[in-house]
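Data block below; observations after.
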Amino acid sequence: MRPIRHQHQPRLSFAFRNYCVVVPPIPIILKSDLEAKIRDQKQLILIDVREPKEVQASGSIGQAVNIPLGNVEEMLDKPSEVWERELGIKKPEKDDEIIFYCRLGGRSNNACMITQSKGYNNVINYKGSAFEWFHMDKH
């Protein structure tokens, strides 16, 4: 009887297995709850991850700052001085509540996952995003 030969797994699978970051489920916030937070909090950290031309076309929600999705990871690695100079806000602490939104909720979910992988543990996705905020009737 011949011994069973084991196939080697592709290197990509090995790399993925060694470097995969498991993140908890992303909490979501409803429009009514976000409206209340904007009304009540002076230090709300609200980040719009759309591209600048999208923001120019439809505007921002509340006092949101714009960090396009492709720049989120890089910005999280920068010191607070850069945040204050470029965005006009203090860099969030690891426990600060950070709410992300985009146009439809997909990019903001990705931004939440990136942010969680950097050790931030209080990130929230406004899944309704800009489309709901600017185009859906208020009830």
Side-chain angles (χ1 to χ4, degrees):
M1 182 179 227
R2 293 185 343 186
I4 298 173
R5 297 186 75 184
H6 296 283
Q7 291 183 324
H8 292 286
Q9 292 183 348
R11 186 169 178 92
L12 180 60
S13 295
F14 177 78
F16 180 74
R17 205 173 43 240
N18 284 336
Y19 298 105
C20 179
V21 176
V22 177
V23 293
I26 308 293
I28 60 170
I29 188 168
L30 301 174
K31 182 178 181 179
S32 58
D33 295 330
L34 181 56
E35 288 172 327
K37 283 185 176 290
I38 290 171
R39 257 192 326 271
D40 299 340
Q41 288 189 338
K42 295 177 180 154
Q43 294 298 324
L44 177 67
I45 303 170
L46 183 59
I47 300 176
D48 183 341
V49 295
R50 296 177 294 161
E51 293 299 316
K53 62 184 171 189
E54 292 176 275
V55 176
Q56 291 171 354
S58 65
S60 293
I61 297 173
Q63 68 270 31
V65 295
N66 179 230
I67 306 173
L69 178 60
N71 299 351
V72 169
E73 187 170 11
E74 177 185 350
M75 278 304 292
L76 291 171
D77 290 335
K78 292 187 178 184
S80 191
E81 299 81 42
V82 174
W83 281 68
E84 291 172 17
R85 184 177 64 246
E86 294 182 11
L87 302 172
I89 65 168
K90 182 179 164 240
K91 181 179 179 179
E93 300 292 330
K94 299 286 183 173
D95 291 328
D96 287 346
E97 182 178 80
I98 307 169
I99 302 172
F100 289 95
Y101 75 95
C102 60
R103 182 171 179 266
L104 296 173
R107 286 177 284 179
S108 54
N109 190 67
N110 290 342
C112 288
M113 290 190 297
I114 291 166
T115 305
Q116 281 183 335
S117 75
K118 292 288 192 175
Y120 292 83
N121 54 29
N122 196 5
V123 297
I124 300 172
N125 184 14
Y126 172 37
K127 192 174 180 179
S129 283
F131 183 80
E132 178 184 62
W133 190 269
F134 295 115
H135 300 291
M136 303 296 281
D137 291 335
K138 293 183 179 183
H139 296 302

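Computed from a predicted structure; not experimentally measured. If you read the sequence from its start, that first residue is 1, and numbering goes on from there.
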Check your understanding: Is any NZ, NE, NH1 or NH2 atom of the basic residue among Lys78 and Glu74 found under 4.0 Å from an Asp or Glu carboxylate oxygen of the other?
Key -> yes
Review point. Passes side chain to side chain contact (heavy atoms under 4.5 Å, CB included), Lys127 versus Ile26? Steps please.
Key: CA-CA 10 Å; Lys127 192 174 180 179; Ile26 308 293; over 6 Å; no
Exercise for review: Could you grab the distance from atom CD1 of Ile124 to atom CG of Leu46, nearest 0.5 Å is fine?
Suggested key: 10.5 Å
**Study point:** ILVMFWY network linking Ile45 to Met113, side-chain heavy atoms under 4.5 angstrom
**Key:** no
**Study point:** Side-chain touch Ser60/Asn66, heavy atoms, less than 4.5 angstrom
**Key:** no
Check your understanding: Would you say Trp83's side chain and Met75's backbone share a donor-acceptor pair under 3.5 angstrom?
Key -> yes
Review point. About how many Å separate CG of Leu76 and CD1 of Ile98, when rounded to the nearest 0.5 Å?
Key: 7.0 Å
Check your understanding: Going from OG on Ser108 to CZ on Arg103, what distance comes out if it is rounded to the nearest 0.5 angstrom?
Key -> 12.5 Å
Check your understanding: Under a 4.5 Å side-chain heavy-atom rule over Ile, Leu, Val, Met, Phe, Trp and Tyr, are Ile99 and Val49 clustered together?
Key -> no
Review point. Counting distance only, does the side-chain N/O of Ser80 pair as donor-acceptor with the main-chain N or O of Lys90 below 3.5 Å?
Key: no
**Study point:** Validation row: Leu34, Trp133 side chains within 4.5 angstrom (heavy atoms)
**Key:** yes
Review point. Under 3.5 Å, side chain of Lys94 to main-chain N/O of Lys118, donor-acceptor pair present?
Key: yes
Point to revise | Ile114-Tyr120 co-clustered via ILVMFWY side chain contacts under 4.5 Å | key: yes
Check your understanding: Given Asn121 and Asp95, is the side chain to side chain contact (heavy atoms under 4.5 Å, CB included) satisfied, shown in steps?
Key -> CA-CA 6 Å; Asn121 54 29; Asp95 291 328; 3.0 Å; yes
**Study point:** Side-chain touch Tyr126/Ile61, heavy atoms, less than 4.5 angstrom
**Key:** yes
Point to revise | Tyr101 with Ile28, same ILVMFWY side-chain cluster at under 4.5 Å | key: no
Point to revise | Distance-minimising heavy-atom pair for Asp77 and Lys91 | key: C-NZ, 4.2 Å
Review point. Any sub-3.5 Å donor-acceptor pair from Asn71's side-chain atoms to Pro68's backbone N or O?
Key: no
Revision key, fill the gap. Side chain to side chain contact (heavy atoms under 4.5 Å, CB included) with Arg107: of Cys102, Ser129, Cys112, only one passes, and it is Cys102
**Study point:** Rounded distance [0.5 Å steps], NZ in Lys37 versus OG in Ser32
**Key:** 11.5 Å
Check your understanding: In the single-linkage hydrophobic clustering (I, L, V, M, F, W, Y; side-chain heavy atoms under 4.5 Å), do Leu44 and Val65 co-cluster?
Key -> no
**Study point:** Distance (rounded to the nearest 0.5 Å) between Asp40 CG and Glu35 CD
**Key:** 11.5 Å
Revision key, fill the gap. When rounded to the nearest 0.5 Å, the distance separating CG of Asn110 from CD of Glu73 is 12.0 Å
